[in-house]
Amino acid sequence: MSIEQFIGVEHDLGTHRFTAGEIIDFASKYDPQRFHVDPEAARKSNFGGLCASGWHTTAIWMRLNVEDMKRIIAEALQRGEQPPQFGPSPGFENLKWLKPVFADDTIRFTRTLHEMRALKSRPGWSMMQMSSAAYNQNGDKVLSFDSTALVALPA
């Protein structure tokens with residue numbers, strides 16, 4: 001299987017339904033803005049309803065991304081192949097929370113690989129350049145960002 005076949009293809013990481021309870025729970029711990037923790041105050045805010053913290057939306061993307069990496073590894077092992085070794089990410093940029101994620105929205109999360117660049121400083125390792133996004137049930141993009149991560153592909 002060649003990595004080139006994945007370049008430019010939007011990969012679906014899965015969906016998540018944001019409930020009012022989990023929105024309030026996450027925001028109470030990490031981002032206690034009134035429109036994340038108080039349904040009545042949220043209704044009166046410029047958002048017009050209880051909405052998830054952008055960090056909550058991003059955290060769900062990360063959970064689904066990690067689950068996908070684990071799935072890729074497990075499937076390779078099941079086929080008797082050496083799996084890729086996923087390394088750290090040096091970070092992300094261009095993070096945009098484009099639209100609010102409201103209680104009961106179901107969000108679809110994606111990742112698109114744009115480039116693999118072999119690292120001269122770490123033989124056998126490459127730097128993946130990716131973009132990621134999330135879409136609500138109406139197809140509206142609610143989150144986007146660009147990131148990089150290290151990966152060692154089997155020979």
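Note that the structure is predicted; figures quoted are calculated from it, not measured. Side chains included, hydrogens not; waters and symmetry mates left out as well; all remaining heavy atoms used.
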Is there a continuous path of hydrophobic side-chain contacts, each under 4.5 Å between heavy atoms, that joins W61 to M130? yes

Closest non-hydrogen contact found for C51 with P100 is CB-CB, 4.0 Å

Could you go through H114 and S131, starting from their C-alpha distance and side-chain angles, then the distance that decides it, and tell me whether this counts as side chain to side chain contact (heavy atoms under 4.5 Å, CB included)? CA-CA 7 Å; H114 294 290; S131 61; 2.6 Å; yes

Applying the side-chain contact (heavy atoms from CB on, under 4.5 Å) criterion to L150, which one of Q85, R122, M128 satisfies it? R122

Just verifying a value: how many Å separate D105 CG and T15 OG1, rounded to the nearest 0.5 Å? 12.0 Å

Side-chain contact, heavy-atom cut-off 4.5 Å: N136 with T106? no

Would you say the side-chain atoms of N94 and D146 include a donor-acceptor pair closer than 3.5 Å? yes

Applying the 4.5 Å side-chain criterion to the ILVMFWY set and letting contacts propagate, would V101 and M62 be lumped into a single cluster? yes

Evaluate the side chain to side chain contact (heavy atoms under 4.5 Å, CB included) criterion for residues D31 and H56: first the C-alpha distance (whole Å), next the side-chain angles of each, then the deciding distance (0.1 Å), finally the verdict. CA-CA 9 Å; D31 192 4; H56 186 183; over 6 Å; no

With salt bridge (Lys or Arg N to Asp or Glu O under 4.0 Å) as the criterion, how do R71 and E75 come out once you've worked through the C-alpha distance, each side chain's angles and the decisive distance to 0.1 Å? CA-CA 6 Å; R71 180 193 57 76; E75 287 176 358; 2.8 Å; yes

Is it the case that one hydrophobic cluster holds both L113 and L119, taking links as side-chain heavy atoms less than 4.5 Å apart, direct or via other members? no

Hydrophobic clusters here meaning ILVMFWY residues chained together by side-chain heavy-atom distances under 4.5 Å, can you tell me if L98 and F145 are in one? no

Taking all non-hydrogen atoms of both residues, which atom of S28 and which atom of P32 are closest, and how far apart? O-CB, 4.4 Å

Could you walk me through whether W97 and S144 satisfy the side-chain hydrogen bond (donor to acceptor under 3.5 Å, both in side chains) test, starting with their C-alpha distance in whole Å, then the side-chain angles of each, then the deciding distance to 0.1 Å, before giving a yes or no? CA-CA 7 Å; W97 294 309; S144 68; over 6 Å; no

Just so I know, are the side chains of K141 and K96 near enough to count as touching, which here means a heavy-atom distance under 4.5 Å? no

Interatomic distance, I72 atom CD1 to L77 atom CG [nearest 0.5 angstrom]: 12.0 Å

Side-chain donor/acceptor of D38 to backbone N/O of E40, under 3.5 Å: yes

Rounded to the nearest 0.5 Å, how far does CD of E10 lie from CZ of R111? 11.0 Å

Check the hydrophobic clustering (I, L, V, M, F, W, Y; side-chain heavy atoms under 4.5 Å; chains of links allowed) and say if F86 and M127 are grouped together. no

Side-chain heavy-atom pair F92, T148 within 4.5 angstrom cut-off: no

Atom pair NZ (K29) and OG (S53), whose distance is rounded to the nearest 0.5 Å: 13.0 Å

Got a second to check how far Q82's CD is from I73's CD1, nearest 0.5 Å? 11.0 Å

Using 0.5 Å steps for rounding, measure from the CG atom of D68 to the OG1 atom of T110. 11.0 Å

Just so I know, are the side chains of R108 and D12 near enough to count as touching, which here means a heavy-atom distance under 4.5 Å? yes

Can you confirm whether F18 sits close enough to I60 that some side-chain heavy atom of one is under 4.5 Å from a side-chain heavy atom of the other? yes

Between S126 and A118, the two heavy atoms sitting closest are OG-CA, 3.7 Å

Relative to the ring of F26, is the ring of Y30 parallel (under 30°), tilted (30 to 60°) or perpendicular (over 60°)? tilted

Quick check: do I107 and Y135 have side-chain heavy atoms less than 4.5 Å from each other? no

Grab the two heavy atoms, one from V151 and one from P84, that are nearest each other, plus how far apart they are. CG2-CB, 4.1 Å

Do the charged groups of D104 and R17 touch, with an N to O distance under 4.0 Å? yes

Between F109 and T57, is the side chain to side chain contact (heavy atoms under 4.5 Å, CB included) condition met? List the steps. CA-CA 9 Å; F109 295 87; T57 308; 4.0 Å; yes

So, E115 and R117, do they make that salt bridge, N to O below 4.0 Å? no

Could you check whether any side-chain heavy atom of L143 comes within less than 4.5 Å of a side-chain heavy atom of L95, counting everything from C-beta outward? yes

Contact check, side chains of M116 and L153, non-hydrogen atoms, under 4.5 Å: yes

